[in-house]
Amino acid sequence: MSELILGLETSCDETAAALITADGAVLSNVISSQADLHARFGGVVPEVASRRHLELVEPVVSEALVEAEATLSDVAKIGVTQGPGLVGALLVGLSYAKGLSWAAQIPLAPVDHLHGHVASLFLGDDALEPPFLCLLASGGHTLVLVVNDHAGFEVVGGTRDDAAGEAFDKGARLLGLGYPGGPALDRLARTGDPSTHTFPIARVDGLDFSFSGVKTALLYAVRELDETALAERRADLAASYELAIVDALLQRIEQAAEHTHMDTIAVVGGVAANSAFRARLATLGARVAPLPLCTDNGAMIASAARYAPNVSKAGYLAVDAYSSR
Ligand code: KG4
Ligand code: ZN
């Protein structure tokens, strides 16, 4: 049969592998999160992440093959995240993919992680066709992208400081919600009133973002409260803080749509999993990546690999990981 694509992702704290068909149907999408392992440190510890990837990569790939009812002989291409991300973590996936490619004689396609997030929109029956305007909001990036074809994108805006996901994580930490913060803040915010506190939306030139101000404003609001008052107000603070971030993202993407004259808006990345954001995007008529494909996963890497060139054997041994673009 030999027509499936295996996608492998190890850029941060998720060890993930997936199999998709040549036309973008997801057959399996296995994600092993290391979140519990890093929780007691309050964030991802790069060396701990690398070691865990090393333990998990083989079983996760095997599981993806089993779930897809496939074997390596069905795989026509291996897509693997090359960067950006934690270099040690990336090297585990990249080295494993090179070894597998070599041993099983399967072509290798190194994939950019950000291209992977965009390519989460190219999967399934309801795949989105370029051109479209895309907001990529994750833990490491907040970018406005013009996507003219399946193979890449043009960056038209970005963050000057923190990424939106980072702002969620830092806000969650200030509110005592632990790690990973974004999903915890999302859950808590559902029980709060977003109109109780007004947090600032940064005014930045062009199509850029800034989230350091809103985080500092939350820090000051929390500092003013004693423990009892904070416990009472925590949900309201979470809801108000979330609203400020969501408003900032929505304002920018609408301005970008006007500026670029593009009518289709799409949103991808971990922050696209936020329930308040998804609800607002639905009323806007924007396309949002399916929930299981928002946070890091192997299916989006396999999807990007469909449009990424193969690197020939021997040559791919020199392919190196990169931490930033
Ligand atoms: O795309 P992703 O899995 O990894 C990166 O490429 O960075 O995004 C992870 C980020 C984290 O900052 C996480 O807190 C945030 O996405 N996130 C959320 C939610 N789920 C994940 N932020 C807000 N609400 C959520 N439900
Ligand atoms: Zn990501």
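No hydrogens, no waters, no symmetry mates; every other heavy atom, side chains included, goes into these values. Since the structure is predicted, the reported quantities are computational estimates derived from the model, not experimental observations. Read the numbers this way: they start at 1 and go in the same order the structure lists the ligands and their atoms.
Distance from atom 6 (O) of ligand 1 to its nearest protein heavy atom, with residue and atom name: His113 NE2, 3.2 Å. Considering only non-hydrogen protein atoms, atom 22 (N) of ligand 1 sits nearest to Gly182 CA, 3.6 Å. The nearest heavy-atom contact from the protein to atom 24 (N) of ligand 1 is Asn274 ND2, 3.1 Å.
For ligand 1, the atoms lying closer than 4.0 Å to a non-hydrogen atom of Gly165 are 12 (O). The Thr295 neighbourhood of ligand 1 comprises atoms 3 (O), 21 (C), with distances under 4.0 Å to a heavy atom of that residue. Within ligand 1, counting atoms from 1 as listed, the ones closer than 4.0 Å to a heavy atom of Ala273 are 20 (N), 26 (N). Atoms of ligand 1 found under 4.0 Å from any heavy atom of Val271, numbered from 1 in the order shown, are 16 (O). The contact set between ligand 1 and Asp186, taken as ligand atoms under 4.0 Å from a residue heavy atom, comprises 24 (N), 25 (C), 26 (N).
Take a cut-off of 2.8 Å around the Zn ion (ligand 2): the protein N, O or S atoms inside it are His113 NE2, His117 NE2, Asp296 OD1.
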Trace of the side-chain hydrogen bond (donor to acceptor under 3.5 Å, both in side chains) decision for Ser11 with Glu9
CA-CA 6 Å; Ser11 69; Glu9 154 63 34; 2.6 Å; yes
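With sequence neighbours excluded, the residues that form a ring pair (Phe, Tyr, Trp, His ring centres under 6.0 Å) with Phe209 are Phe211. The ring pair (Phe, Tyr, Trp, His ring centres under 6.0 Å) test applied to Phe122 returns His150, Tyr307, not counting sequence neighbours. Residues satisfying the side chain to side chain donor-acceptor pair (under 3.5 Å) test with Glu55, not counting sequence neighbours, are Arg52.
With 3.5 Å as the limit, one finds a donor-acceptor pair spanning the side chains of Ser62 and Glu58.
Here the shortest heavy-atom pairing between Lys77 and Asn310 reads CE-OD1, 2.7 Å.
At a 3.5 angstrom cut-off on N or O pairs, Ser275 does not count as close to ligand 1. Residue Gly139 has at least one nitrogen or oxygen atom sitting less than 3.5 Å from a nitrogen or oxygen atom of ligand 1, judged on distance alone. No N or O atom of Phe168 sits closer than 3.5 Å to an N or O atom of ligand 1.
In this structure, the side chains of Thr15 and Leu8 stay at 4.5 Å or more apart for every pair of heavy atoms. Between His113 and Leu90 the shortest side-chain heavy-atom distance does not fall below 4.5 Å.
Between Arg190 and Asp186 there is a salt bridge, since a side-chain N of the basic residue sits under 4.0 Å from a carboxylate O of the acidic one.
Here the shortest heavy-atom distance to atom 17 (N) of ligand 1, taken over Gly270, Ala16, Ala184, belongs to Gly270. For the residues Asp162, Asp169, Asp296, the heavy atom positioned nearest atom 11 (C) of ligand 1 is part of Asp169.
Proximity of Pro183 to ligand 1 is established by a heavy-atom distance of less than 4.0 Å. The shortest separation from a heavy atom of His117 to ligand 1 is under 4.0 Å, placing the residue in contact. Using a 4.0 Å heavy-atom cutoff, Gly140 is listed among the residues neighbouring ligand 1.
Residues Tyr241 and Leu243 do not share a hydrophobic cluster, clusters being chains of Ile/Leu/Val/Met/Phe/Trp/Tyr side chains in contact below 4.5 Å.
No more than 12 heavy atoms of other residues, nucleotides or ligands lie within 6.0 Å of OH in Tyr220, so this atom counts as exposed by the packing criterion.
Put simply, the residue from Asp208, Thr159, Val156 that forms a side-chain contact (heavy atoms from CB on, under 4.5 Å) with Val144 is Val156.
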